[in-house]
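Worksheet: one structure, shown below.
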Amino acid sequence: MKKWYRNLLLCCLLAMSFFSFSMQAHAAGQTERLGTAHFNIGIHSSAYGKGPDGNQAIYAAASGTPTMLNIINPVDGKKIATHPLNGAASAWGMVVDPNGFVYIAGGSFLYRYDPKTDTVTNLGKPVQSETALWRLQSDHLGRIFGGTYPNGKVFMYDPEKKSFTDFGQAAGDQGYTRSVAVAQRHVYAGTGVKKAQLVEIMPETGKKKNIPLPEKFADQQDLYDLDAYRGFLFARLTPSNTMLVYDLKKKKWVDEIENVKGSRVSPPDAKGLVYFNIGDELYSYRLTDKKLTPTGYKESWSNKGFGWMNLPGPGIKGKSLVSMRYNGSFWIYNPKTGQSKSIEADIEGQPVEIQSIGRGPDGNIYTSGYPTGGFTKYSLEDQEFTRFRGFGQAENMLSTDRFLYLGVYTGGVIYKYDPEKPYDHDPVNVPKATNPRALFSLKSDGQDRPFGWAKGDGNLFIGTVPDYGKLGGALTVLNEDTESYKVHSNIVSNQSIISLSYNDGIVYGGTSVFGGLGSTPTESEGKLFAYDPAANKKLFEISPLPGEKAIGALSFDKNGYLWGMSPGKIFKFDPATKQVIGSKELFPFSWSSIGHYWRGVFLDYDADGNFYGTTLGQLFKFNPETWETEILDEDASLYAKDRDGNFYFSRGTDLYRYTR
């Protein structure tokens, strides 16, 4: 055979081989990036000082990936500068020190902005064990103090020594130190979530002393906000939303004010008045005699920090109170004239991670975001996103024939959305919102995060994780026609309900030993349970996967067998005999370093006779006949399926589609 002919034949064979491989790869599925689902504005902290041009400026941290530090002109709301806080997805604390430096608590890192050089520096992690920093305060020396999660610590940053000091846990067995205040050379820490406590710390020695709350508030969960001015300490407690006033000189509680809306108390004005929100109105409070006076200003519904500024304009000359809202606008109120105004700041929405994905009754794909919420529709027909603003963080969602139902954190609020009607949601006045419409909240039942969902026989079944510091989830049964509901608490003792499936009149649930953040598990294994909603009775509970702390997904096959998964293992259950008839490890997984587990595995039975889902970053196919697993794609989180059988998942902020 001639050499040229052999080479030609070899090329043809290689081409055929490549073509065959390409066809197989296409046949096995194709993944495409659809785009970033959410661009949200979510301001959790702000501060007020001089900007890089030497003039007055508002500093506002917009949560996202990454969080952005925005420097805003308070006169017109225009952007002066922006800086990414790389490594932070949120920023809960911010303060300007006596030298004009701006410190930001971004994620688990402390950042410093220098207005003179217009630069941001990441100063590092104050405490290596902590994953989140909260409120910040500065003392007269420019030292920065803050609180942490998950061990409720207090730290100090000394800019002169360029070093951190870890004062340890403020109060025993408390996971959060959400707020700090500095007064009279002491640091005061507000802790929770199991019990609200106030702790006094001497920075020079690290010595701690508990300041007991009035006995009537011994049942409060969190000391959420602290501020100190002119010898008085203001401490807001939750869930009662009562603000207590403590006289630091007399060392006693001297006042209590109900219905105080977070999150801050303003610095005093020239008359010794501080300002804060009671309900939906701004009030003044005179420090000398504790006189409380409504201002008549009712647009102060959100305040993420206060500052006093001299601003031009009719009715606001002289010092006005300025506060940034959560949504990126800010308000200005002049106490002398009673005049006010609101300005939209030039702040761009930031990409935020996708928190949940679901298919709507219209066939389109819907998502919600974290940590600033948001609600987005991806149209399969137009291949475009429609982004709706002002909606909270939906932990999960489920559609019926006509409506999409969403479970929103905080407070376990259940919403009903009709995609055939215009979006109409008012984050300020939720009761007036019509679409999505809030049906009810599970907060009074001690529930916070609705992760588990199922439907059947005209009912929706909702499984929840309890509130901060608590154990014991609930199963809620919602009748779609009447919108009436019943809450069945603690069906499995001290366990959250994170997965549900319904079949033949019975709802089956999977649980997690982990409760709300800040709680400590008392159980060792996740359970499978069955509940008869008609008889209002739990039928049984078992441990289907010994040693596994959560059963995160459930799905029935065509033969009526129930399959369930923990992060790494799968089992097959026979409802008739109430026996596990097989199990297998699909992916290696260790519980040793897991702080909590509520959601992360998805399992869906398909018409082709296989299961599909995601877990531990893998989009997988599972054959229930052979028990073999095939990895379809990697770096895949969450899961939904459209009517054509294609899969949707997330990679951080972006939505992806796997086309079969």
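Basis for what follows: all heavy atoms, side chains included, without hydrogens, waters or symmetry-related copies.
- By the 4.5 Å heavy-atom criterion applied to side chains, Tyr103 and Leu123 are counted as neighbours.
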Report the C-alpha distance between Asp225 and Ser263 in whole Å, list the side-chain angles of each, state the deciding distance to 0.1 Å, and finish with yes or no for side chain to side chain donor-acceptor pair (under 3.5 Å).
CA-CA 6 Å; Asp225 299 311; Ser263 56; 4.9 Å; no
Determine, stepwise, if the pair Thr410 / Lys443 fulfils side chain to side chain donor-acceptor pair (under 3.5 Å).
CA-CA 8 Å; Thr410 60; Lys443 186 173 182 62; 5.9 Å; no
Could you check Lys216 against Glu256 for salt bridge (Lys or Arg N to Asp or Glu O under 4.0 Å), going step by step and ending with a plain yes or no?
CA-CA 11 Å; Lys216 64 186 292 187; Glu256 59 185 62; 2.9 Å; yes
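- Atoms OG and NZ, from Ser519 and Lys194 in turn, are 7.0 Å apart once rounded to the nearest 0.5 Å.
- Between the side chain of Ser356 and the main chain of Ala394, a donor-acceptor pair closer than 3.5 Å is present.
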Could you walk me through whether Thr372 and Asn40 pass the side chain to side chain donor-acceptor pair (under 3.5 Å) test, one step at a time?
CA-CA 7 Å; Thr372 55; Asn40 295 347; 3.2 Å; yes
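- Side chains of Glu525 and Ser543: a donor on one and an acceptor on the other come within 3.5 Å.
- Relative to the ring axis of Phe101, Arg112 places its NZ or CZ within 45° and under 6.0 Å from the centre.
- Atom CD of Gln137 and atom CD1 of Ile144 lie 9.0 Å apart (nearest 0.5 Å).
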Candidate pair Ser46 and Lys304, rule side chain to side chain contact (heavy atoms under 4.5 Å, CB included), full reasoning:
CA-CA 6 Å; Ser46 65; Lys304 299 303 176 182; 4.3 Å; yes
Apply the test side chain to side chain contact (heavy atoms under 4.5 Å, CB included) to residues Thr65 and Gln350: give CA-CA distance (whole Å), side-chain angles for both, the deciding distance (0.1 Å), then the verdict.
CA-CA 7 Å; Thr65 307; Gln350 297 302 308; over 6 Å; no
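- The distance between the ring centers of Phe514 and Trp598 does not fall below 6.0 angstrom.
- Counting only N and O atoms by type, the side chains of Tyr275 and Asn303 include no donor and acceptor under 3.5 Å apart.
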Before giving the answer on side chain to side chain contact (heavy atoms under 4.5 Å, CB included), spell out for Val245 and Phe234 the whole-Å C-alpha distance, their side-chain angles and the decisive distance to 0.1 Å.
CA-CA 5 Å; Val245 183; Phe234 297 87; 3.9 Å; yes
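- Between the side chain of Asp280 and the backbone N or O of Ile278, no donor-acceptor pair lies under 3.5 Å.
- Ion pair Asp219/Lys195 not flagged as a salt bridge, since none of the NZ, NE, NH1 or NH2 atoms sits closer than 4.0 Å to an Asp/Glu carboxylate oxygen.
- Pairing each heavy atom of Ala189 with each of Val154, the nearest pair is CB-CG2, 3.8 Å.
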Let's go through Arg236 and Glu258 carefully: what are the C-alpha distance in whole Å and the side-chain angles of both, what is the deciding distance for salt bridge (Lys or Arg N to Asp or Glu O under 4.0 Å) to 0.1 Å, and is it a yes or a no?
CA-CA 9 Å; Arg236 187 176 71 93; Glu258 296 180 347; over 6 Å; no
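- Side-chain atoms of Ser45 come within 3.5 Å of backbone N or O of Ala91 as a donor-acceptor pair.
- Relative ring orientation between Tyr224 and Trp134 is described as perpendicular, the plane-to-plane angle rising above 60° on a 0-90° scale split at 30° and 60°.
- Phe167 and Lys208 make their closest contact through O-NZ, 2.5 Å (heavy atoms, listed as atom of the first residue, atom of the second, distance).
- Few gaps surround CZ on Arg230; more than 12 heavy atoms of other groups in view lie less than 6.0 Å from it.
- Side chains of Asn310 and Gln56: a donor-acceptor N/O pair is absent below 3.5 angstrom, by distance only.
- If you look at Tyr59 and Tyr113, their ring centroids are closer than 6.0 Å.
- Ser90 contributes no side-chain N or O that, together with a main-chain N or O of Ser63, makes up a donor-acceptor pair within less than 3.5 Å.
- Minimum heavy-atom separation, Leu248 to Ala183: CD1-CB, 3.6 Å.
- In this structure a side-chain-to-backbone donor-acceptor pair under 3.5 Å is present from Ser368 to Gly374.
- Side-chain N or O atoms of Asp269 include one that pairs as donor or acceptor with a backbone N or O of Leu273 at under 3.5 Å.
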Donor-acceptor contacts under 3.5 Å from residues 80-89 side chains, at least two apart:
residue: His83; atom: NE2; partner: Asp118; partner atom: O; Å: 3.4
residue: His83; atom: NE2; partner: Asp118; partner atom: OD1; Å: 2.8

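- Shown here for Leu226 and Gly190, the closest heavy-atom pair between the two residues is CD1-N, 3.3 Å.
- More than 12 heavy atoms of other residues, nucleotides or ligands shown are found within 6.0 angstrom of OH on Tyr326.
- In this structure, the separation between CZ on Phe232 and OG1 on Thr288 is 8.5 Å, given to the nearest 0.5 Å.
- Side-chain N or O atoms of Ser496 include none that pairs as donor or acceptor with a backbone N or O of Gly473 at under 3.5 Å.
- A salt bridge does not link Glu523 to Lys549: none of the charged side-chain nitrogens sits closer than 4.0 Å to a carboxylate oxygen.
- For the pair Gln184 (side chain) and Gly231 (backbone), a donor-acceptor distance under 3.5 Å is absent.
- Just one of Tyr297, Trp308, Phe306 meets the ring pair (Phe, Tyr, Trp, His ring centres under 6.0 Å) condition when paired with Tyr333; it is Tyr297.
- Residues Thr242 and Phe217 form a side-chain contact, since some pair of their non-hydrogen atoms from C-beta on lies under 4.5 Å apart.
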Audit row: Val322, Phe330, side chain to side chain contact (heavy atoms under 4.5 Å, CB included) steps and yes/no
CA-CA 7 Å; Val322 183; Phe330 61 93; 3.9 Å; yes
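- In this structure, a donor-acceptor pair under 3.5 Å is absent between the side chains of Lys153 and Thr177.
- In this structure, Arg178 forms a cation-pi arrangement with Tyr468, its terminal cationic atom sitting closer than 6.0 Å to the ring centre and no more than 45° off the ring axis.
- Under the 4.0 Å criterion applied to side-chain N and carboxylate O atoms, Asp227 and Arg264 are assigned as salt-bridge partners.
- For the pair Thr476 and Leu442, the tightest heavy-atom approach, listed with the atom from each and the gap, is OG1-CD2, 3.6 Å.
- With hydrogens and angles ignored, the 3.5 Å screen pairs a side-chain donor or acceptor of Tyr48 with a backbone N or O of Gly305.
- Between the Asp448 side chain and the Asp467 main chain, no donor and acceptor come within less than 3.5 Å of each other.
- The aromatic rings of Phe589 and Trp591 sit perpendicular to each other, their planes meeting at more than 60°, with 30° as the lower class boundary.
- Taken to the nearest 0.5 Å, the CD atom of Gln447 stands 3.5 Å off from the OG1 atom of Thr464.
- Under a cut-off of 6.0 angstrom, the local environment of NZ in Lys125 is crowded, with over 12 non-hydrogen atoms contributed by other residues, nucleotides or ligands.
- Taking both residues in full, the closest heavy atoms of Ser138 and Pro98 are given as OG-CD, 3.4 Å, listed atom of the first, atom of the second, then distance.
- Considering CD of Glu200 and NZ of Lys209, their distance stands at 4.5 Å, rounded to 0.5 Å.
- The OG atom of Ser179 sits 11.5 Å away from the CG atom of Leu136 when rounded to the nearest 0.5 Å.
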With side chain to side chain donor-acceptor pair (under 3.5 Å) as the test, would you mind laying out the steps for Gln393 and Glu395 before giving the verdict?
CA-CA 6 Å; Gln393 174 185 314; Glu395 306 289 35; 3.2 Å; yes
